[in-house]
Amino acid sequence: MADLSAFSSEYREAREKFLDAAGAQVSHHAHPEKGLYLDVAVVGARDAERVFAVGCGTHGIEGYPGSAALTQWLRGGAAKRVPPGTAVVLFHAHNPWGFAHKTRVTEENVDLNRNFVDFSKPLPANPGYDELHRAITPAEWTEESVAGAFKWLAEYKARVGEQAYSDAFNGGQYSHADGVYYGGARQQWANGAFRLATKEHLSRAKKICFIDLHTGIGPRYDHIYLCFHPAGSPGYERARAWWGERAVNRQGVTHKALAVYRGLLIDAFEAMLAKAELTTMVVEFGTLAREGVQRAALLQRWLRFEGPGRPELIREYEEAYYPLEPRWRELVLQQSYELFERGLKGVSGW
Ligand SMILES: [Zn+2]
């Protein structure tokens with residue numbers, strides 16, 4: 001039997017395990033809601049030129065498996081393998097409110113991974129989403145109403161094509177605060193905290209590897225890499241050298257067209273640290289096929305704005321991002337361990 005004790009069923013439990021495994025060097029950014037934090041653990045010298053960084057919980061609930069991966073890696077003696085001149089920086093719970101409340105979004109129903117836009121400028125328009133909103137926000141949650149929403153989506157996709165469909169549905173929208181993939185009307189607390197922590201811990205580094213951990217769409221029991229470095233660029237080539245061809249060829253990605261995402265956390269990270277040599281990667285541990293995750297997105301929105309949810313609906317939602325199945329959890333630990341070891345090795349030059 002695999003040791004799954006790094007997994008938790010509550011935020012506070014996950015945080016305690018992480019802090020315990022991390023040891024002394026942790027800084028805390030307190031969220032306005034009592035007891036919630038972005039915690040940042042540093043292993044190695046604070047002024048190291050090379051940094052291997054990992055973050056989790058950008059999408060709240062997805063932080064449970066991410067947290068377990070970080071905790072297990074720390075428990076396994078990761079600190080002892082950090083070479084001189086390199087530090088490891090681990091962000092625990094980018095969106096602690098969503099983590100604690102077991103939802104992807106923030107306290108304002110905002111998808112943090114669409115919130116890193118410039119709020120001093122007009123916000124991006126998403127006319128496609130404006131068209132979708134009514135059809136995908138049923139007041140009642142029944143199999144009929146859900147089937148109706150998906151029928152509408154299928155017709156919309158047939159009409160506009162895969163790319164426009166993805167952009168409309170999950171590229172991010174700034175017009176409907178009670179909708180899905182809502183990017184917000186202002187910077188979220190978690191956005192500001194992430195920027196502060198990044199500045200504090202990474203602004204001195206010259207070579208940085210950063211992985212943002214997610215769960216959701218993708219082959220179950222496996223993970224997918226979403227590399228946003230332009231093909232052939234140095235960052236792209238480093239990712240390929242460290243994790244192999246699958247890190248850049250979108251292996252396992254089932255979307256026929258990936259949305260043009262707006263306001264990603266990783267974009268802000270890159271903009272803030274533009275002077276460093278960056279290798280960034282989004283890694284997604286697969287849970288369900290696309291329609292299952294889309295259904296979960298609609299369900300999250302329904303539970304928040306229409307509810308109250310029945311226990312089986314809440315369970316269904318949680319299962320889409322944090323499966324209970326031991327085999328799934330065991331593979332997250334195995335695969336993340338290798339992911340981290342390779343990233344650390346790559347950025348440290350050892
Ligand atoms: Zn995610």
Side-chain angles (χ1 to χ4, degrees), residues 52-56 58-59 62 65-66 69 104 111-114 116 126 128 153-154 157 160-172 180-181 208-270 277-297 320-321 323 328 331-332 334-343 345-347:
F52 174 65
V54 186
C56 71
T58 302
H59 288 138
E62 300 175 20
R104 277 180 89 254
D111 183 329
L112 181 62
N113 220 20
R114 305 291 183 274
F116 289 85
N126 187 344
L153 281 174
K157 183 164 73 176
V160 301
E162 294 281 352
Q163 185 64 56
Y165 171 67
S166 286
D167 291 346
F169 188 82
N170 63 320
V180 297
Y181 299 98
I208 301 168
C209 172
F210 177 62
I211 301 171
D212 190 21
L213 294 175
H214 290 255
T215 62
I217 297 171
R220 201 169 170 96
Y221 313 115
D222 202 356
H223 57 286
I224 56 174
Y225 292 84
L226 296 174
C227 173
F228 293 101
H229 291 295
S233 66
Y236 178 99
E237 293 303 340
R238 280 191 297 275
R240 171 147 70 181
W242 300 352
W243 294 294
E245 201 62 39
R246 64 175 297 192
V248 294
N249 69 6
R250 300 262 156 107
Q251 180 184 317
V253 176
T254 52
H255 288 48
K256 293 194 182 69
L258 218 52
V260 178
Y261 301 111
R262 287 175 281 204
L264 295 182
L265 175 138
I266 216 162
D267 292 343
F269 185 89
E270 294 200 355
E277 181 190 287
L278 297 173
T279 313
T280 62
M281 189 61 77
V282 171
V283 172
E284 183 124 23
F285 290 92
T287 58
L288 296 172
R290 188 181 195 186
E291 192 164 311
V293 173
Q294 287 181 314
R295 180 182 158 107
Y321 300 101
W328 186 87
L331 289 167
V332 165
Q334 273 179 22
Q335 293 169 18
S336 57
Y337 184 90
E338 189 181 343
L339 175 73
F340 299 166
E341 293 287 315
R342 287 186 181 212
K345 189 166 172 245
V347 77

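Residues take their numbers from the sequence shown, with the count starting at 1. Everything numeric here is computed off the predicted structure, so don't read it as measured data. Just the heavy atoms: all of them, side chains too, but no hydrogens, waters or symmetry mates, feed the values below.
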Give me the atom names and distance for the closest heavy-atom approach of [X] to [Y].
{"X": "A268", "Y": "F116", "answer": "CB-CD2, 3.3 Å"}
{"X": "A69", "Y": "S336", "answer": "CB-OG, 3.3 Å"}
{"X": "Q294", "Y": "Y165", "answer": "NE2-OH, 3.1 Å"}
{"X": "A247", "Y": "A239", "answer": "CB-O, 3.8 Å"}
{"X": "T280", "Y": "E270", "answer": "OG1-OE2, 2.5 Å"}
{"X": "T215", "Y": "P65", "answer": "CG2-CG, 3.5 Å"}

Could you check V347 against T279 for side chain to side chain contact (heavy atoms under 4.5 Å, CB included), going step by step and ending with a plain yes or no?
CA-CA 8 Å; V347 77; T279 313; 5.9 Å; no

Which of parallel (below 30°), tilted (30 to 60°) and perpendicular (above 60°) describes F269 and F210?
parallel

E291 and R295 ion-paired at < 4.0 Å:
no

State which residues pass ring-ring contact (aromatic ring centres under 6.0 Å, His included) with Y261; sequence neighbours excluded, sorted by chain then number.
none

What pairs with R250 under salt bridge (charged side-chain N to carboxylate O under 4.0 Å, His left out), at least two apart in sequence or on another chain?
none

Can L226 and L258 be said to form a side chain to side chain contact (heavy atoms under 4.5 Å, CB included), step by step?
CA-CA 10 Å; L226 296 174; L258 218 52; 3.9 Å; yes

Nearest 0.5 Å, please: how far is [atom2] in [Y] from [atom1] in [X]?
{"X": "H59", "Y": "L112", "atom1": "NE2", "atom2": "CG", "result": "7.0 Å"}
{"X": "Y337", "Y": "R342", "atom1": "OH", "atom2": "CZ", "result": "13.0 Å"}
{"X": "E284", "Y": "H214", "atom1": "CD", "atom2": "NE2", "result": "7.0 Å"}
{"X": "R246", "Y": "D222", "atom1": "CZ", "atom2": "CG", "result": "4.5 Å"}
{"X": "I217", "Y": "F285", "atom1": "CD1", "atom2": "CZ", "result": "16.0 Å"}
{"X": "R240", "Y": "N249", "atom1": "CZ", "atom2": "CG", "result": "9.0 Å"}

[X] side chain to [Y] main-chain N or O, any donor-acceptor pair under 3.5 Å?
{"X": "D212", "Y": "V282", "answer": "no"}
{"X": "R220", "Y": "L288", "answer": "no"}
{"X": "T287", "Y": "Y321", "answer": "no"}

In chain order, what residues pass the side-chain contact (heavy atoms from CB on, under 4.5 Å) check against [X], with sequence neighbours excluded?
{"X": "R262", "value": "P124, N126, Y174"}
{"X": "Y221", "value": "E325, R327, W328, L331"}
{"X": "D267", "value": "L264"}
{"X": "P234", "value": "R238"}

Could you walk me through whether W242 and K345 satisfy the side chain to side chain contact (heavy atoms under 4.5 Å, CB included) test, starting with their C-alpha distance in whole Å, then the side-chain angles of each, then the deciding distance to 0.1 Å, before giving a yes or no?
CA-CA 8 Å; W242 300 352; K345 189 166 172 245; over 6 Å; no

Within-4.5 Å side-chain heavy-atom neighbours: E62 and N113
no

If you apply the rule side chain to side chain contact (heavy atoms under 4.5 Å, CB included), what do you find for W243 with I211, and how did you get there?
CA-CA 12 Å; W243 294 294; I211 301 171; 3.8 Å; yes

